Visitor: 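Mind looking over this structure? Questions follow.
Nothing here was measured: the structure is a model prediction, and the numbers come from that model. Residue numbers begin at 1 in each chain, while the letters A, B, ... track the order of the sequences.
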2 protein chains.
Amino acid sequence: MNLIGTKWKPLVLFHLLEGGLRSGILQKKIPGISNKMFTQTLRQLEKDGLINRKVFPVVPPKVEYSLTERGTSLEPILRSLDAWGMEDCKR
Amino acid sequence: MNLIGTKWKPLVLFHLLEGGLRSGILQKKIPGISNKMFTQTLRQLEKDGLINRKVFPVVPPKVEYSLTERGTSLEPILRSLDAWGMEDCKR
DNA sequence: GCAATAACTTACCCAAATGTAATATACATA
DNA sequence: TATGTATATTACATTTGGGTAAGTTATTGC
């Protein structure tokens with residue numbers, strides 16, 4: 001799954017700890033992430049079974065991401081990374 | 001510091017949790033790491049202030065690595081990564 | 001003299017991660 | 001008809017992690 005060895009995954013997960021978010025809002029919480037890496041990271045996390053993707057059939061599109069149970073189980077790790085002041089979680 | 005975003009750093013630190021080790025022995029605990037990445041990773045960790053490097057002026061050379069206090073403070077993170085079964089810590 | 005030893009280092013190369021920028025979709029509305 | 005909107009994808013370039021293999025050092029012992 002490679003949570004480690006990737007720049008953005010932990011960051012994305014961290015911002016979902018407080019609850020699900022709309023795509024756009026989540027992205028704004030991660031300054032510096034490119035459009036591409038944002039969706040690419042989400043796709044991977046979804047494939048890893050760590051997040052849910054919920055699409056609302058409206059226009060313009062609305063998509064919400066939230067942690068799965070498995071994703072939530074990472075909370076201790078994500079919080080300790082944050083507490084420790086890991087660069088990648090500071091942004 | 002980028003503990004995350006690198007393949008080997010957490011692994012090296014993890015194996016030092018139980019105490020300092022000679023270079024060669026530490027390397028053997030990390031199958032798959034190349035000679036180059038091994039020393040390169042150690043240099044980075046040393047620069048990050050996470051490990052100590054102690055050289056014994058003997059022949060053939062003897063070098064021991066151990067965690068600094070700062071490095072030891074990562075123990076909860078390293079252990080939870082391991083407990084979670086992170087791929088990189090399974091080897 | 002010459003091989004063996006432990007710990008590195010260096011040159012060279014490839015592949016994977018990431019960045020940039022343009023484009024797509026589908027409908028509402030001015 | 002043209003524009004805005006939120007989400008996403010694609011092609012292309014660049015950066016960086018990582019591998020391989022050979023060379024370095026300084027001594028001991030055959």
Visitor: At less than 3.5 Å, do the side-chain atoms of Lys36(A) and the base atoms of dT18(C) form a donor-acceptor pair?
Guide: yes
Visitor: Rounded to whole angstroms, how far apart are CZ on Phe56(B) and P on dA7(C)?
Guide: 11 Å
Visitor: Check the distance between dT28(D)'s P and Lys62(B)'s NZ and give it to me in whole angstrom.
Guide: 16 Å
Visitor: Return the value, rounded to whole Å, for the distance between atom CD1 of Ile25(B) and atom C1' of dT5(C).
Guide: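 Distance, rounded to whole Å: 15 Å.
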Visitor: In whole Å, I'd like the distance from the CD atom of Gln27(A) to the P atom of dT7(D).
Guide: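 One finds 9 Å between P of dT7(D) and CD of Gln27(A), rounded.
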Visitor: Let's see if you can work this out: which of dT7(D), dT27(D), dA7(C) has an atom nearest to the side-chain heavy atoms of Val63(B)?
Guide: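 From the listed options, dA7(C) comes nearest.
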Visitor: Would you say Ser80(B)'s side chain and Ile77(A)'s backbone share a donor-acceptor pair under 3.5 angstrom?
Guide: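 Here the side-chain-to-backbone pair does not exist.
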Visitor: Can you tell if the side chain of Thr41(A) reaches within under 4.5 Å of the side chain of Lys7(A), non-hydrogen atoms only?
Guide: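 A side-chain contact under 4.5 Å is absent here.
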Visitor: Can you tell which of dA6(C), dT7(D), dG19(C) lies closest to the side chain of Pro60(B)?
Guide: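 That would be dA6(C).
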Visitor: Looking at every strand, decide which applies to Tyr65(A) at a 4.0 Å heavy-atom threshold: base, sugar-phosphate, or nothing.
Guide: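 Answer is sugar-phosphate: Tyr65(A) comes under 4.0 Å of backbone atoms only.
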Visitor: Over how many whole Å does the gap from Glu46(A) atom CD to dT7(D) atom P extend?
Guide: 15 Å
Visitor: With a cut-off of less than 4.0 Å, is there a side-chain N or O of Arg22(B) near OP1 or OP2 of dA7(C)?
Guide: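 Yes, because at least one side-chain N or O of Arg22(B) sits under 4.0 Å from OP1 or OP2 of dA7(C).
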Visitor: With a 4.0 Å cut-off on N to O distance, would you call Lys9(A) and Glu46(A) a salt bridge?
Guide: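 So Lys9(A) does not pair with Glu46(A) through a salt bridge.
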Visitor: Atom CG of Leu11(A) to atom C1' of dA17(C): distance rounded to whole Å?
Guide: 16 Å
Visitor: With DNA chain C as reference, determine whether Gln40(A) or Phe38(B) sits nearer its 5' end, using the nearest nucleotide of each.
Guide: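 Its nearest nucleotide lies further toward 5', so the answer is Phe38(B).
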Visitor: Side chain of Asn35(A), heavy atoms from C-beta onward: which of dG18(D), dT9(D), dA6(D) has the nearest atom to it?
Guide: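 Of the candidates, dT9(D) comes closest.
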Visitor: Counting side-chain heavy atoms from C-beta on, which of dG18(D), dA7(C), dT7(D) comes nearest to Met37(B)?
Guide: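 Given the options dG18(D), dA7(C), dT7(D), the side chain of Met37(B) is closest to dG18(D).
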Visitor: Arg53(A) has an atom CZ; how far is it from atom P of dA6(D), in whole Å?
Guide: 16 Å
Visitor: Can you check whether Thr6(A) has a side-chain N or O nearer than 4.0 Å to OP1 or OP2 of dT18(C)?
Guide: yes
Visitor: Verify the cluster assignment for Val63(B) and Val59(B): are they in a single hydrophobic cluster under the rule of side-chain heavy atoms below 4.5 Å apart?
Guide: no
Visitor: Hey, does Glu75(A) have a side-chain heavy atom less than 4.5 Å from the side chain of Leu67(A)?
Guide: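 No - every pair of side-chain heavy atoms lies 4.5 Å or more apart.
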Visitor: Any side-chain heavy-atom pair from Tyr65(B) and Lys54(B) closer than 4.5 angstrom?
Guide: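 With C-beta onward as the side chain, the pair stays apart.
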Visitor: For the side chain of Val59(B), counting heavy atoms from C-beta on, which of dA26(D), dA6(D), dA8(D) is nearest?
Guide: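 Given the options dA26(D), dA6(D), dA8(D), the side chain of Val59(B) is closest to dA26(D).
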Visitor: What's the CD1-P distance between Ile33(A) and dA21(C), to the nearest Å?
Guide: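 So the two atoms are 17 Å apart, to the nearest Å.
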Visitor: For dA16(C), take OP1 and OP2 only and decide whether either is under 4.0 Å from a side-chain N or O of Lys7(B).
Guide: no
Visitor: Closest approach to the side chain of Trp8(A), judged atom by atom: which nucleotide of dG18(D), dA7(C), dT18(C) is it?
Guide: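 When the side chain of Trp8(A) is considered, dT18(C) is the closest of dG18(D), dA7(C), dT18(C).
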Visitor: Go through dG19(C), dA8(D), dG17(D) for me and flag the one nearest to the Ser34(A) side chain.
Guide: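 It is dG19(C).
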Visitor: I want to check one thing: is the phosphate of dA8(D), taken as OP1 and OP2, less than 4.0 Å away from some side-chain N or O of Ser23(A)?
Guide: yes
